[in-house]
**Q** 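Starting off with a structure, shown below.
Throughout, a chain's letter reflects where its sequence line sits, starting with A, and its residues are numbered from 1. As the structure is a computational prediction, the values presented were derived from the model and not from experiment.
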Amino acid sequence: MFDIKWIRANADAFDAALATRGAQPRSAELLALDDHRRQVIAHLNEAQETRNAASKQIGKAKAEKDDQRASALMDEVAHLKSTIQKGEAEERELEANLRQKLAELPNVPLADVPVGEDEDGNVEYFGPNSSRELAAKARPPKPEFAFAPKQHFELGEALGGMDFETAAKLSGSRFVVLKSQVARLERAIGQFMLDMHTLEHGYLEVQPPLLVRDEPLYGTGQLPKFLADQFGVLKDVTAEEQSERMWLIPTAEVPLTNLVRESILDEAELPLRFTALTPCFRSEAGSAGRDTRGMLRQHQFNKVEMVSITTPEQSTDEHERMLACAEKVLSRLGIHYRVMTLCTGDMGFGAQKTYDIEAWLPGQDTYREISSVSVCGDFQARRMDARYRPKDGKPRYVHTLNGSGTAVGRALIAVMENYQQEDGSIAIPDALQPYMGGLTAIGNS
RNA sequence: GGAGAGAUGGCCGAGUGGUCGAAGGCGCACGCCUGGAAAGUGUGUAGGCGGGGAACCGUCUCGAGGGUUCGAAUCCCUCUCUCUCCGCCA
């Protein structure tokens, strides 16, 4: 969400930023609306001032038992009542109108974000040193196979650990039933990641609600624009019409970021770092037909999420730090990956800048997104009214960041495809063995 | 699910129509006092919006949103949340 004052002062930059996201210029329209709003406020304040002064006099007169003077004063300001009421109503309406328009505008990309229309405009990122060699050295190499590697669902079904048919009977397409050692492996991956972020990276473990009201979704930017991507539930299905609606979280970013909503934090407590392992629910309404096979794109999946709340000065460094935390997961698992800086046209609604981590999937012979790490500036903070108090001075909006660390379902896919053996069994990466009771492989016993 | 009680500033807590953004206390900040500290003492201590270069001025906010009134923390309506008792329950 934008500060209308910022738009007033930076109208051209604002319109230019919208253009990089493929949107039309809006500053003229918004500023005209704001001018009108301010005019109304000025008139309203004037009328209120007159009324307040008179009311004080009336109070005084009544205290002095001077009823004549009191009623004379009352007559004098009686007509202001309707003026004020009209002004208040008009201000409310203009305010809501402006807020609604601002709420549907995407965030402005940072200056170093590549400009592009879609994912073809994304640029590979080799770390703060921009060194392809250093990055290649630090990351696990691409595995080589003496046989044709299979896709995860072929492996999973053969192991008796992935059942899409039964899931479809229960819930329709884009669900899966995991069983036996595959289910255990999925659980192990989640625990491994969560332990890493809490024990090594300084994140606070949180178990948030999975069901939230409208406001948190509005705060992080899923509402009002992306209503169709959400799963909603009714609190009382027997009273469908009057029933309160709640939302299944599409990501733990929603409850974790909103932990600080409507608060003023102390500067000394920043940055705050939260992590959670939660199921995520997405209706993905627009993407029917993409990745229909396997568990790459599901209505429900587990994900370890990281969220940081920082000062404006800290946020870009925190972004690099968070990316490093997510990369560490893949390094430790020994999975080859690359990092992409998303271009302006491919970034999410609330992001100023986003890195995607794409894991190598040998079965698909391609890289697939497994983590997305974004810095949002004060965009979400404004929507949530989340601020901090600098050592000396007025409250300022915090900056927020979020990143997957990482998607558990997709990590399962990556582990299975990268660690598959010719006989269809899956070797267990060293890092996961403690979480698998010491097993070194599944499926060959 | 049934019955009842509440929500006031960073915290506690007074205030049931009139100079109340709000007594008092605690906390915090700065000063005085002191060799230093404690104690004591003085002053200050919310946020949003509009106007102004600024000092500052105006306005709104006592859980949230509406309403009544010349005037609302105080009266009315709706909502949210908290607490107590009963029932149910992993």
Side-chain angles (χ1 to χ4, degrees), chain A residues 1-9 30-100 102-103 207 209-219 234-239 241-247 255 258-270 378 381-398:
Chain A
M1 175 106 113
F2 286 98
D3 181 4
I4 187 67
K5 288 183 209 161
W6 182 86
I7 296 177
R8 205 183 301 143
L30 293 166
L31 291 178
L33 184 60
D34 184 50
D35 283 343
H36 186 192
R37 180 184 133 259
R38 286 191 295 161
Q39 246 173 44
V40 168
I41 288 175
H43 282 138
L44 176 63
N45 280 2
E46 231 172 88
Q48 284 170 329
E49 186 179 353
T50 311
R51 181 205 60 192
N52 289 349
S55 289
K56 276 189 184 177
Q57 294 302 314
I58 292 169
K60 240 187 230 173
K62 289 232 171 174
E64 290 161 10
K65 304 277 190 228
D66 188 348
D67 287 347
Q68 220 177 345
R69 193 169 120 75
S71 55
L73 282 164
M74 278 161 70
D75 289 346
E76 228 173 273
V77 291
H79 73 281
L80 283 177
K81 193 177 173 180
S82 69
T83 308
I84 288 170
Q85 283 182 333
K86 264 187 229 157
E88 283 173 345
E90 196 174 358
E91 190 203 341
R92 271 203 296 274
E93 195 183 320
L94 289 166
E95 195 88 53
N97 195 338
L98 184 62
R99 196 177 167 77
Q100 198 181 333
L102 291 174
Q207 288 199 31
L210 307 179
L211 232 34
V212 296
R213 295 184 205 282
D214 287 18
E215 289 81 0
L217 277 183
Y218 179 90
L234 297 176
K235 242 180 144 176
D236 179 1
V237 290
T238 64
E241 289 301 316
Q242 309 93 305
S243 182
E244 194 182 333
R245 180 179 65 176
M246 296 196 81
W247 303 101
N258 278 281
L259 287 176
V260 298
R261 69 177 292 117
E262 293 163 48
S263 58
I264 301 179
L265 306 162
D266 283 334
E267 178 165 19
E269 53 185 320
L270 300 178
D378 63 11
R382 286 179 188 286
R383 293 170 159 255
M384 299 189 299
D385 193 22
R387 293 170 291 173
Y388 76 100
R389 190 182 298 280
K391 285 186 196 78
D392 284 304
K394 293 224 144 208
R396 299 169 74 195
Y397 286 107
V398 297

**Q** Taking CG from A:Leu80 and C1' from B:U69, how many angstroms apart are they, rounded to a whole number?
**A**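 My rounded result for the distance is 14 Å.
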**Q** Round to the nearest Å and state the distance from A:Leu33 atom CG to B:C49 atom P.
**A**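 After rounding, the gap between these two atoms is 16 Å.
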**Q** Please determine if a side-chain N or O atom of A:Arg387 lies less than 4.0 Å away from the OP1 or OP2 oxygen of B:G48.
**A**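 For B:G48, OP1 or OP2 has a side-chain N or O of A:Arg387 closer than 4.0 Å.
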**Q** Using a cut-off of strictly less than 4.0 Å between a heavy atom of the residue and any atom of RNA chain B, enumerate the qualifying residues of residues 67-77 of chain A by number.
**A**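 Within this stretch, A:Met74, A:Val77 sit under 4.0 Å of the strand.
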**Q** From the list B:C49, B:G47, B:C70, which nucleotide is the closest neighbour of the side chain of A:Lys81?
**A**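 For the A:Lys81 side chain, the nearest candidate turns out to be B:C70.
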**Q** Quick test: give all pairs of protein nitrogen or oxygen and nucleotides 76-79 of chain B nitrogen or oxygen below 3.5 Å, distance rounded to 0.1 Å.
**A**
none

**Q** Which pairs of donor and acceptor atoms, one on a side chain in residues 48-57 of chain A, lie under 3.5 Å apart (sequence neighbours left out)?
**A**
| unit_1 | atom_1 | unit_2 | atom_2 | d |
| --- | --- | --- | --- | --- |
| A:Thr50 | OG1 | A:Glu46 | O | 3.1 |
| A:Asn52 | ND2 | A:Gln48 | O | 3.4 |
| A:Ser55 | OG | A:Arg51 | O | 3.2 |
| A:Gln57 | OE1 | A:Arg69 | NH2 | 2.9 |

**Q** Does A:Lys62 put a side-chain nitrogen or oxygen below 4.0 Å from OP1 or OP2 of B:C70?
**A**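 False: A:Lys62 side-chain N/O out of range (4.0 Å or more) of B:C70 OP1/OP2.
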**Q** Side chain of A:Arg37: nearest nucleotide among B:U19, B:C49, B:G47?
**A**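 Minimum distance to the A:Arg37 side chain belongs to B:C49.
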**Q** Within less than 4.0 Å of OP1 or OP2 of B:G51, is there a side-chain N or O belonging to A:Arg38?
**A**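 Answer is yes, contact under 4.0 Å.
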**Q** How does each nucleotide of nucleotides 58-64 of chain B score, in 5' to 3' order, for protein heavy atoms under 4.0 Å: base (B), sugar-phosphate only (S), or none (-)?
**A** BSS----
**Q** Would you indicate, yes or no, if B:G67 has its OP1 or OP2 atom less than 4.0 angstrom from a side-chain nitrogen or oxygen of A:Arg92?
**A**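 Yes, within the criterion.
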**Q** Would you write the dot-bracket representation of RNA chain B, where each base gets (, ), [, ], | or . depending on whether it forms a Watson-Crick or G-U pair under 3.5 Å and with which partner?
**A** ((((((((.[[[..)..(.....]]]((((((.......))))))((((((....)))))).[[[[[..)....]]]]])))))))....
**Q** Where the side chain of A:Arg213 is defined as all heavy atoms beyond and including C-beta, which of B:C81, B:C70, B:C49 is the nearest nucleotide?
**A**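 Comparing B:C81, B:C70, B:C49 against the side chain of A:Arg213, the answer is B:C81.
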**Q** Tabulate protein N/O versus nucleotide N/O from nucleotides 20-23 of chain B, keeping only pairs under 3.5 Å, one per line.
**A**
none

**Q** Starting the side chain at C-beta, find the nucleotide from B:U19, B:G50, B:A46 nearest to A:Lys60.
**A**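 Of B:U19, B:G50, B:A46, B:U19 is nearest to the side chain of A:Lys60.
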